Amino acid sequence: MSSDRLFAEINNAVLDLQAAQFQTYERPLKRLAQLLNHPDLQAYNEELKKGLDLDEFINRSQGTGGSMVGSSRLIWPDDQREVLGLQLLLIEKLGQEPDYAVHFSFQFFYSGRKVIASIRSLTGQLIIPFARDYKTFVLAKTNTQIDCLGASNGGAKSQTITNYGIFVMNSQNVSMENIQNLVQASPDKAIGNALEALATAIAEAGLPEEKSTEMLEQVEVLAEQASLAPPNRKMGIVKACWTQLVENADGIAKVSNLLREHGPALAGFFETTFSKFGM
Amino acid sequence: MLKGFDRLQRELEEAQRAMDELDGDIGVVNFDAQDPNSIEVAIQSVSQMIDERIGRYASNQFVAPIIEELKEKYREGILQKAAEARLEGEKD
């Protein structure tokens, strides 16, 4: 196996572990340990593990803990090669004994009562940095010529920078800001712009507040859907609905224009209707 | 009894304040979907954003579970977004 391919697979195992739940963490952990044990890596592994005693390291670290759960800390050596070697030995052990991973992470990476939280902490603080440093170590030894991008991401084809907007709607209050946030996240700019224009037109149409809020809530629901990535499946009703939504930017723009032109008349209609029926 | 009720009322008021502070834009994170380290940094950044916004209410019995739920929700969101970006990358 080429080193690019091997490190890409190691990267995939780490990504799977990062996203794993309590029921699923064992498989990527075992896979990672298997990949690290690949014959192509034997010579580097032997160099890293030389003279190290994992049990002694763990026993010494266990001595740091008090009576409180999760108060133990790992006593890493100063030598970076030894750190990498101990981490490698540890991951091998965790891969062979996934149940021990629970105990170990609870002891040294305690992150609340949920077991998976400690496994995630172990993954984030130990396994992910290890995978990065291990690759750097091996590639430095092999002097493999790869681009600096490959060095950071496991030999993937290209870097994929992804934006993720965090906004919280904790009440039923609909706001233009929420809608704007949602449409900005939309992968389809045409539908995003059309929905934003529609929301503006509704807000400025002078409609009774209740009606305006109701309509904006509906736009918000559409904006939420449009902000999601297209469904992965090529066929199916969900994909068809999503496609229908994003292909209707022109239709939505026409509704916005109508609202702008006839907003005052519409507002009058709603006011009359509301007062007539006591709404 | 009254003391307990007062406390409950105070906690509810505090929870309402926390929810008001949480409403709206929290922030944006950027990450490389192929890089576990970059994804981890993004997850930690979101966690910090939430703590900065309402972390001071963490001892409130109503707010504490919401903090955890939000962190979990956005963690899942980042991982999902990263997985989608990787799939898109494979298609290209």
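Per chain, numbering begins at 1; letters A, B, ... match sequence-line order. None of these values were measured; they are calculated from a predicted model.
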- Does CZ belonging to A:Arg73 count more than 12 external heavy atoms closer than 6.0 Å? no
- What residues, two or more places apart in sequence or in another chain, satisfy ring pair (Phe, Tyr, Trp, His ring centres under 6.0 Å) together with A:Phe106? A:Tyr110
- Note on the structure: The interface call for B:Ile66 against chain A, heavy-atom contacts under 4.5 Å, is neither
- Message: If we ignore hydrogens and angles and just use 3.5 Å, is the side chain of A:Asn11 paired with the main-chain N or O of B:Asp35 as donor and acceptor?
- Response: no
- By a 4.5 Å heavy-atom criterion (distance strictly below it), what part of B:Arg75 contacts chain A: side chain, backbone, both, or neither? side chain
- Under the salt bridge (Lys or Arg N to Asp or Glu O under 4.0 Å) test, which residues partner A:Lys93, sequence neighbours left out? A:Glu97
- Query: Taking only heavy atoms into account, what residues of residues 13-26 of chain A are found under 4.5 Å from chain B?
  - Reply: A:Val14, A:Leu15, A:Gln18, A:Ala19, A:Gln21
- Using non-hydrogen atoms only, which part of B:Gln44 is less than 4.5 Å away from chain A: side chain, backbone, both, or neither? neither
- Under the ring pair (Phe, Tyr, Trp, His ring centres under 6.0 Å) rule, collect the residues that match up with A:Phe130, sequence neighbours excluded. A:Tyr134
- Message: Under 4.0 Å between a side-chain nitrogen and a carboxylate oxygen: does that hold for B:Glu72 and A:Lys114?
- Response: no
